[in-house]
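This report concerns only the one structure given below.
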Amino acid sequence: MIARSIRARSWRPCPMFSKKLATVGTERAGSAGTTTFSVLGADMAVHGNIVAGADLHVDGRIEGDVTCAALVQGEGSVITGAITARSARLSGTVNGAVDVADLVVGKTARVLGDVTYDTLTIEQGAQVEGRFAPRGANAAAAVPDSLIAVRTTA
């Protein structure tokens, strides 16, 4: 079918094949220009580690560690391995350690492993089996002085 513009009196066919790579839906504005994101569809399974400099959206299965700038995990997704990212929104199943600066654990998420974070949001209904520990400078501030054991000599 040939597309026709309502505003213009002329028409032109929409190019089906182009030498330029299509980037529709894969770019978003960032603070330093445009950044891309990668999508792992529900029908995909990856066996091995994933390292992405950009954002990553996962709906499939990953057996390996994931390192990326930002991670969005779909509800049916399963990640078996460690996750390291600046920000993440988890909605599927994670079997492994999570080390994320800004973490949101969605209501459909199930995390089996230790979680390290700077900021943490857990929605009602999320399941987490593991230890929570703040990262870096927040670690000392998170433990009240009354809970810190000090050895004294008598």
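Throughout, residue positions are numbered sequentially from 1 according to the sequence presented.
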From CA spacing to verdict: side chain to side chain donor-acceptor pair (under 3.5 Å), His57, Asp59: CA-CA 7 Å; His57 183 102; Asp59 284 323; 3.2 Å; yes
Spell out, yes or no, whether [X] and [Y] are grouped together once hydrophobic residues are joined by side-chain heavy atoms under 4.5 Å, including indirect joins.
X	Y	answer
Ile50	Leu71	yes
Leu120	Ile83	yes
Val78	Val105	no
Leu112	Val115	no
Val72	Val94	no

Quick one: [atom1] on [X] to [atom2] on [Y], what's the gap to the nearest 0.5 Å?
X	Y	atom1	atom2	value
Thr116	Arg135	OG1	CZ	7.5 Å
Ile122	Leu103	CD1	CG	7.5 Å
Glu63	His47	CD	NE2	5.0 Å
Asp99	Tyr117	CG	OH	12.0 Å
Arg61	Ile79	CZ	CD1	11.0 Å

With a 3.5 Å distance limit and no angle check, can you tell me whether [X] reaches the backbone of [Y] through a side-chain donor-acceptor pair?
X	Y	value
Thr108	Ser91	yes
Asp65	Ala82	yes
Gln73	Thr93	yes

Shortest non-hydrogen contact from [X] toward [Y]:
X	Y	value
Leu56	Cys68	CB-SG, 4.1 Å
Gly106	Ala126	O-CB, 3.1 Å
Ala69	Gly53	CB-O, 3.6 Å
Lys107	Gln124	CB-O, 3.2 Å
Ser77	Gly60	OG-O, 3.0 Å

Salt bridge (charged side-chain N to carboxylate O under 4.0 Å, His left out) against Asp102, all qualifying residues, sequence neighbours excluded: none
Test side chain to side chain donor-acceptor pair (under 3.5 Å) applied to Arg89 - qualifying residues, sequence neighbours left out: Glu123
Name of the residue among Val51, Thr67, Val100 meeting side chain to side chain contact (heavy atoms under 4.5 Å, CB included) with Thr84: Thr67
